[in-house]
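Just so you know, these numbers come straight off a predicted model, no measurement behind them. Both counts, for ligands and for their atoms, begin at 1 and track the order of listing.
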Amino acid sequence: MATSFNIIVGSQVWVENNEVAWIDGDVLEINDKQIKVACSSGKEVVTNLSCVYPKDPEFPECGVDDMTKLAYLHEPGVLQNLKSRFDMDEIYTYTGNILIAVNPFKRIPNIYDKTVMEKYKGVALGELNPHPYAIADMAYRQMVNEGISQSILVSGESGAGKTESTKNLMQYLAHMGGRSRADERSVEQQVLESNPVLEAFGNAKTLRNNNSSRFGKFVELQFNEKGRISGAAIRTYLLERSRVCQVSDPERSYHCFYMLCAAPPEVSEKYKLGDPRTFRYLNQSNCYQLTGVDESKEYLATKQAMGVVGISSDEQEAIFRVVAAVLHLGNIEFNRGSEPDSSQPKDDKSRFHLKTAAELFMCDETALQESFCQRVMVTRGESIKKSLDPNSAAITRDALAKIVYTRLFDWIVTKINNSIGQDAKSKFLIGVLDIYGFESFKTNSFEQFCINLTNEKLQQHFNQHVFKMEQEEYSKEEINWSYIEFVDNQDILDLIEKKPGGVLALLDEACMFPRSTHATFAEKLYQTFKDHKRFSKPKLSNTDFTICHYAGDVTYQSDFFLDKNKDYVVAEHQVLMNASKCSFVSSLFPPSSQDSSKASKFISIGSQFKQQLQALLETLSHTEPHYVRCVKPNNLLKPAIFDNLNILQQLRCGGVMEAIRISCAGFPTRKPFHEFIDRFKILSPNVVNISDEVEGSKILLEKANLEGYQIGKTKVFLRAGQMAEIDARRSEV
Ligand code: ATP
Ligand code: MG
């Protein structure tokens, strides 16, 4: 973002700073390329002239509602603008058509309700305060007026406010596309009520967010030709399954477990539940409560919402019974049995939980125990029973808990979809995507790998849309346009996805060879990609690998990649659960087509996920995209703290800085000549008699006193804000 402004002694400038990213000050001296600045912190700094940006001396105190209106557009200006607005509780700001939402971590009164929705109805973007309703309205109008499907892509890191923004968007769309007197079971009401249900089973408290969605979600609202919602489909992506059995302090498992423990006594007694501290799957962490949340009320609220989305009370009973059974599974411990390398429930307590789990699953207790402690091996047509040691038995128990919970979650999603109903005749749709942002932690595993793949894909989509589309349009129109450089990430996608030979393909291969380990897998990666510029091997490890993502380097620990990529059901579990006397439980394990006496074939989670992503991008490619970029102002999850460095990093990762640059540097407003003439002929009525449209348009542009516009082959290209200027002239006439 080089600037052409001259910096002289006495100018106000921004200087790069390690703590606050940018600090303002006055220029004291300039010597060749060196500059001395008296910073507002009181310090004097000598730095390179190229590390300094001019500060807008007339920066409006309350900022501007669209970054493209900034007089001096650069990183410090963008930050200053977001901060000034954040301090006044203006949490939304546009960058052209992109909405930036900074999480306030407190309720802002009177900005989300039906009265506000009515205000945004049919009003052009930019006329009112930036708001998710305005984005939703733009999408809705474009769909109705132009008959094009739309999508709204909400992104940002964990805790940035994606799910909250998504809910606001959906509320607006439900309001616009709903019937005036919606009953409780209307499509739109069911779509809205699917949120608390999915959150109860798929959200958990993490370090980064007290209500973190542990799955990705794409909600597709289908509309009829009258613009009314006629159906909806919810697609979910990769529920984090390890959380069912493993939580680290101070995180929690899925909300539903705690709710159920706090359910009315007749319920918790029936399921033999009680204090969550007594359950192994929950007590690995010391966190049980969420501030401001009454779990017993949440339990009732969740049931209420389940009712609205069409889950009958019998089904609800079965769902919670299965949730309880999972908790009991976690309390079955094993010790060595009488034979060497064998195992059995450790004590009376473990036997009690085994019995209870079997009762709740309505399956055979002995068979349940055997499914943990023994494995049937089939070799050359003969089946032999092999005992498992206590450690393997515990792993098998956790595998059952995870698969049951994952299937339960998928069942709920399918059920919601069936009861809302799809409109096969629907002409167009609006999709809203709420999916995990880029992740880079101290340790990164397979989950982060998949999440970051998603973000690479979406970033490419974003790039293609914002950058390529703009540039292609400019080239096509042969207008003067200094090309903006942007980093294309196709090479990273190839590295991960290419078939054969990409990381995912090599992982699948490793999973199919019984003798592979994470070390052999890592070695294979090192060999294959030793010259790839997006791949490297960290010096101090022989099993980690680093990928240079568009948002930065991430080092992955390959340790659990093989295990986590394998989705299979232990054959004994399949048979046992399928034989359950509870039709609900047995329906979670429908008989599979493969021969159950054979060792279960593995299904690759990575490849499945890749396919899901491809389908998602295919859907998105038929829509006109809109973007909401959520920003998390601090890692303490507290109001009123605006952590510059942290925010800057998010703006860079989300492509916001690039998008700002492009929408400002470019010509965001364009109109075909005849439309332009038609709209502004009032400025010079004679133009309609000129046969040459280019000439006609030029006359009007001169009349309006504009500068810096461009004339393309078929359209007029205007700078940001110029349309409003001519519109104003028009009303003066
Ligand atoms: P994750 O990726 O972990 O699911 P997320 O981006 O979906 O994170 P949210 O759950 O939407 O994050 O937001 C986290 C919390 O921040 C919310 O529970 C809420 O307390 C607060 N929050 C987010 N947006 C708003 C808002 N617009 N107004 C008030 N509070 C908000
Ligand atoms: Mg979320």
message: Test side-chain hydrogen bond (donor to acceptor under 3.5 Å, both in side chains) on Ser212 and Lys205; report intermediate values, then the result.
response: CA-CA 6 Å; Ser212 183; Lys205 176 191 183 314; over 6 Å; no
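- Nearest to atom 10 (O) of ligand 1 by heavy-atom distance, out of Ile451, Leu637, Asn209, is Asn209.
- Checked for salt-bridge contact, Lys217 and Glu199 miss the test: no charged N lies under 4.0 Å from a carboxylate O.
- Under the side chain to side chain contact (heavy atoms under 4.5 Å, CB included) rule, Ile547 has a single partner from Ile492, Thr555, Val554, which is Ile492.
- Nearest protein heavy-atom contact of atom 13 (O) of ligand 1 is Gly161 CA, 3.6 Å.
- If you number the atoms of ligand 1 from 1 as listed, the ones under 4.0 Å from a heavy atom of Glu157 come out as 6 (O).
- In summary, Glu157 and Arg208 do not engage in a salt bridge, as defined by a charged side-chain N under 4.0 Å from a carboxylate O.
- For Tyr120 and Tyr172, the ring centers are positioned 6.0 Å apart or more.
- Among protein heavy atoms, the minimum distance from atom 27 (N) of ligand 1 is reached at Tyr112 OH, 2.9 Å.
- Taking distance alone, with nitrogen or oxygen atoms compared against 3.5 Å, Tyr436 stays at or beyond that limit from ligand 1.
- Counting atoms of ligand 1 from 1 in the listed order, those under 4.0 Å from a heavy atom of Ser213 are 1 (P), 3 (O), 4 (O).
- Nearest-heavy-atom check against atom 15 (C) of ligand 1 across Ile435, Leu290, Asn103, Asn211 picks out Asn103.
- Counting the atoms of ligand 1 from 1 in the order shown, those under 4.0 Å from a heavy atom of Phe105 are 16 (O).
- Taking a cut-off of under 4.0 Å to the non-hydrogen atoms of Lys106, the atoms of ligand 1 that pass are 28 (N), 29 (C), 30 (N).
- Remark: the Asn489 side chain and the His549 side chain contain no N/O donor-acceptor pair separated by less than 3.5 Å.
- Salt-bridge check for Arg141 with Glu624: failed, with every basic side-chain N at 4.0 Å or more from each acidic carboxylate O.
- Protein heavy atom at the shortest distance from atom 19 (C) of ligand 1 is Glu164 CG, 4.2 Å.
- Atoms of ligand 1 lying under 4.0 Å from at least one heavy atom of Arg107, given by number and element, are 28 (N), 29 (C).
- Note: Tyr405 and Tyr254 meet the aromatic proximity criterion, with ring centroids under 6.0 Å apart.
- At a heavy-atom distance under 4.0 Å, no atom of Ser165 approaches ligand 1.
- By the 6.0 Å contact criterion, CG on Asp249 is enclosed, its count of non-hydrogen atoms from other residues, nucleotides or ligands being greater than 12.
- Under the side chain to side chain contact (heavy atoms under 4.5 Å, CB included) rule, Glu456 has a single partner from Ile451, Leu613, Leu493, which is Leu493.
- Among the atoms of Ser213, an N, O or S atom is found under 2.8 Å from the Mg ion (ligand 2).
- Within the 4.0 Å heavy-atom cutoff, Pro104 counts among the residues contacting ligand 1.
- For atom 1 (P) of ligand 1, the nearest protein heavy atom lies under 4.0 Å away.
- Nearest protein neighbour of atom 8 (O) of ligand 1, counting heavy atoms only, is Gly159 N, 2.8 Å.
- In this structure, Phe441 places its CZ atom where more than 12 heavy-atom neighbours from other residues, nucleotides or ligands lie under 6.0 Å away.
- For Phe409 and Phe215, the gap between ring centers is short of 6.0 Å.
- The protein heavy-atom contact nearest to atom 7 (O) of ligand 1 is Thr163 OG1, 2.8 Å.
- Note on Thr163: counted as a metal contact of the Mg ion (ligand 2), an N/O/S atom lying under 2.8 Å.
- Atom 5 (P) of ligand 1 has Lys162 N, 3.5 Å as its closest protein atom, hydrogens excluded (heavy atom only).
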